[in-house]
Amino acid sequence: GHGAIDTATHLVDKVGANAFAVATLKEAIELRKALDSSSNNERLYRKFHGSEPLEQLSTRRDSPVGFPRCFNDYYHYQIECTISGPEVADALKQWVSNPFDIKRHLVERVSQATKQEFSTNLTGNPEREKQVDEGSTEISTVVTNSSALTDFSQTSVSKHLSSIGMKSATLNSTSGENLAKEFRQFLQTEQKVAAAAQEATGLSKTSTHSAKEEKETATTQKFQGIEAAARASVQRQAEEGQPAFVDKSLDKDDSESISSTSSFLMFTAGSSKQRLRWHAMVDSGMARDGFKTECFLDGEGIQRDTVEIIQELVNLQTYGAAPIEFFGMCTHMADANLTSTYTSSQIHRFKSLLKRVRNAGISVPTISTDNSSALLTPNLTHFDSFDLLEQNFGLNSHGFVRCGGALYGQRSSFTQLQTVSTLIATVRHVAVVKRGHSVGYDRAYIAPHDIRIATLAIGFGDGYPRELGNGKGHVYIRDSLYKVVGNVCMDMLMVELGRASEFSEVRVGDTATLWGGSGVPLATVASTLGTTQSALTCAIDKSRVLREYVV
């Protein structure tokens, strides 16, 4: 409820944190952009990591939304994803079996980024726009040669686009077969503009004809370099005797199409080393999501084993050149507290599956088991680093803990934590209500005598619980405690300041504290409603309530 991006950038800046798990892909993309932006690079990275990028960014919600196509976003933004069961694992296998689709989306991303950058550079520069316009006809004749980026047919792309009911998000909203052509046009245009600028400043003295040849040569060399890298990767893979992955469930024509694009997969896995990292979420007792620790029946009544599913995906990575990487196993504790023994039983089930995975010869790079409560409960001895992290082959696993609510002090069982959030609102109206008159909707409160009320500029539309109306909720104004009267409205609520005959210091424009700070503790508000502190803070509307971060 406090904002993943603001929290993460603060932790990067202040303590050098470089691994984050957020709930949704949308949040992860926003966070990735925020941390990778040029304005943040020096402030956030170099202070702790030199020029190194963010080490880990993952999502922890179970099934990625819109799979398998959502894996293109995970792959492009280099965000690790959690695979939470056999259905999602099957979707991931389906994704890697369609290299055409992966390649098309990759080129689209580059095309979009190039267009945006190119358009930005042209804005407000009429001379450059003129140079580009004059060279557009000439450039279009240069990019007619075929390449590895355009080896997929118009039929296959059109078929795919129609099947998913969408148009390709390319430079001119055209279909995929023109992507590489458009992309090269932009690159060559940039080169032409740069050459023209050099001529204008006297840096280039070559003839128009020779300049054209140099530009064509430079462009050709640029893309031949990528193709050469792909060919070299294929050759290296062949020398190692590792076959390219082909999904046996595909028919002959599809298999041939995939074989023709194996150079793309080899380039991805070998040359650029860009892969989609995934973690296996294990259901050790939360019964929310995750792989089972024992053999189970899937939706079609077929018996399946988690170890076999993980092994299949690892084989695609190892022997099939699939652009994925198994990067860890994790679970979630359901009842980590001082009196419960359930956490120990959960960790026992998790370790039994972990042992079977390692016995199958699968290295587990990372392990993550503890949430805030499991981490902070002093009498829990479930986390044995030797049992969990030690491997008999290769490097030992790295252990991670996932501090969520504890970051904001929102775990009332632990007295060492202090809640960091304070909810405040402004007094917008002060008035006297006569005896017998009602306050608010449904006339839920009738004044027992002449009273003075103050109206605050906050309501349930902003996230303040409606259940705190009519005396259940209290606020602090000028260091005095006042009760909420009447039903909480959508945009406002009313508090009783006392008898009308009594003096009140409260004035329009004063600040009222609804929880936190010097007011009612957030834990008290949560206890009153029988809910959690996180439920309250997450309910605060991010678009209506201004957030100010105080260090």
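On a predicted model such as this, the values are computed, not experimentally measured, just so you know.
- Donor-acceptor pairing under 3.5 Å is recorded for the side chains of Gln391 and Arg358.
- Atom CZ of Phe393 sits about 8.0 Å away from atom CD1 of Ile362, to the nearest 0.5 Å.
- Counting only N and O atoms by type, the side chains of Asp289 and Ser84 include no donor and acceptor under 3.5 Å apart.
- Contact check for Ser373 versus Phe414: side-chain heavy atoms found under the 4.5 Å cut-off.
- A side-chain donor-acceptor contact under 3.5 Å links Thr339 and Asn337.
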If you look only at distance, which donor and acceptor atoms sit under 3.5 Å apart when one is on a side chain in residues 307-314 and the other is two or more places apart or in another chain?
unit_1, atom_1, unit_2, atom_2, d
Gln311, NE2, Asn315, OD1, 3.1
Glu312, OE1, Lys93, NZ, 2.7

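- You'll find the side chain of Leu376 reaches within 4.5 Å of the side chain of Gln416, heavy atoms only.
- Salt-bridge check for Arg277 with Glu80: passed, with a basic side-chain N closer than 4.0 Å to an acidic carboxylate O.
- We find that Lys355 and Asp387 are not joined by a salt bridge, their nearest charged nitrogen and carboxylate oxygen being 4.0 Å or further apart.
- Distance check, rounded to the nearest 0.5 Å: CG of Leu522 to CD of Gln410 gives 5.5 Å.
- For the atom pair Leu354 CG and Ser397 OG, the distance stands at 6.5 Å (nearest 0.5 Å).
- Side-chain contact between Phe400 and Thr369: absent, with no pair of heavy atoms (C-beta onward) separated by less than 4.5 Å.
- When every heavy atom of Gly285 is checked against every heavy atom of Tyr342, the shortest pair comes out as O-OH, 2.8 Å.
- The side-chain heavy atoms of Ile29 and Lys33, taken from C-beta on, include a pair separated by under 4.5 Å.
- Here the two rings, on Phe327 and Trp278, have centers that are 6.0 Å apart or farther.
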### Task
Would you check, one step at a time, whether the test side chain to side chain contact (heavy atoms under 4.5 Å, CB included) holds for Leu276 with Glu325?
CA-CA 6 Å; Leu276 190 163; Glu325 180 181 2; over 6 Å; no
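- Contact detail for Pro365 and Gly328: the closest heavy-atom pair is CD-N, 4.0 Å.
- More than 12 heavy-atom neighbours from other residues, nucleotides or ligands sit within 6.0 angstrom of NE2 on His76.
- Looking only at side-chain heavy atoms (C-beta outward), Asp305 and Glu294 stay at 4.5 Å or farther from each other.
- Side-chain atoms of His105 and Arg69 include no donor-acceptor pair closer than 3.5 Å.
- Atom OG of Ser363 and atom CG of Leu395 lie 7.0 Å apart (nearest 0.5 Å).
- Ionic pairing of Asp90 and Arg304 is present here: one or more N-O contacts between side-chain nitrogen and carboxylate oxygen are shorter than 4.0 angstrom.
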#### Entry: Audit row: Cys330, Arg402, side chain to side chain contact (heavy atoms under 4.5 Å, CB included) steps and yes/no
CA-CA 10 Å; Cys330 53; Arg402 302 185 305 274; 4.1 Å; yes
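- Contact detail for Ser421 and Thr537: the closest heavy-atom pair is OG-CG2, 4.0 Å.
- Between Val545 and Asp462, the closest heavy-atom pair is CG2-O, 3.6 Å.
- For Asn359, the CG atom is densely surrounded, since the number of other residues' heavy atoms within 6.0 Å is greater than 12.
- Formation of a donor-acceptor pair under 3.5 Å by the Gln303 side chain with backbone atoms of Cys295 is not found in this model.
- Without hydrogens or angle criteria, Asp541 side chain to Ser543 main chain gives a donor-acceptor distance under 3.5 Å.
- In this structure a side-chain-to-backbone donor-acceptor pair under 3.5 Å is missing from Asp6 to Tyr549.
- Between Thr293 and Thr306 there is no side-chain heavy-atom pair separated by less than 4.5 Å.
- Looking only at distances, no side-chain donor or acceptor of Tyr75 sits under 3.5 Å from a matching main-chain atom of Ile324.
- In this structure, the side chain of Ser284 does not engage the main chain of Arg349 through any donor-acceptor pair within 3.5 Å.
- The CE atom of Met333 lies 11.0 Å from the OG atom of Ser340; values are rounded to the nearest 0.5 Å.
- No hydrogens or angles considered: a donor-acceptor pair under 3.5 Å links the side chains of Thr7 and Tyr408.
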### Task
Start with the C-alpha distance between Leu353 and Met329, add both sets of side-chain angles, then the distance that settles side chain to side chain contact (heavy atoms under 4.5 Å, CB included), and finish with yes or no.
CA-CA 10 Å; Leu353 177 61; Met329 293 173 61; 4.0 Å; yes
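- Panel note: side chain Thr377, backbone Ala374; no donor-acceptor pair is recorded below 3.5 Å.
- The shortest non-hydrogen separation linking Ala8 to Leu31 is CB-CD1, 3.5 Å.
- For the pair Ile83 and Phe291, the minimum side-chain heavy-atom distance is below 4.5 Å.
- Between Met281 atom CE and Met286 atom CE the span is 9.5 Å, to the nearest 0.5 Å.
- A 4.5 Å side-chain heavy-atom check between Asp13 and His10 finds every atom pair outside the cut-off.
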### Task
Verify side chain to side chain contact (heavy atoms under 4.5 Å, CB included) between Tyr77 and Leu25, making sure each step is shown before the conclusion.
CA-CA 10 Å; Tyr77 290 104; Leu25 176 59; 6.0 Å; no
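- Side-chain atoms of Ser372 come within 3.5 Å of backbone N or O of Gly404 as a donor-acceptor pair.
- Ala406 and Arg411 get closest at one heavy-atom pair: N-CG, 4.2 Å.
- With no hydrogens or angles considered, a side-chain donor-acceptor pair links Trp95 and Asn72 at under 3.5 Å.
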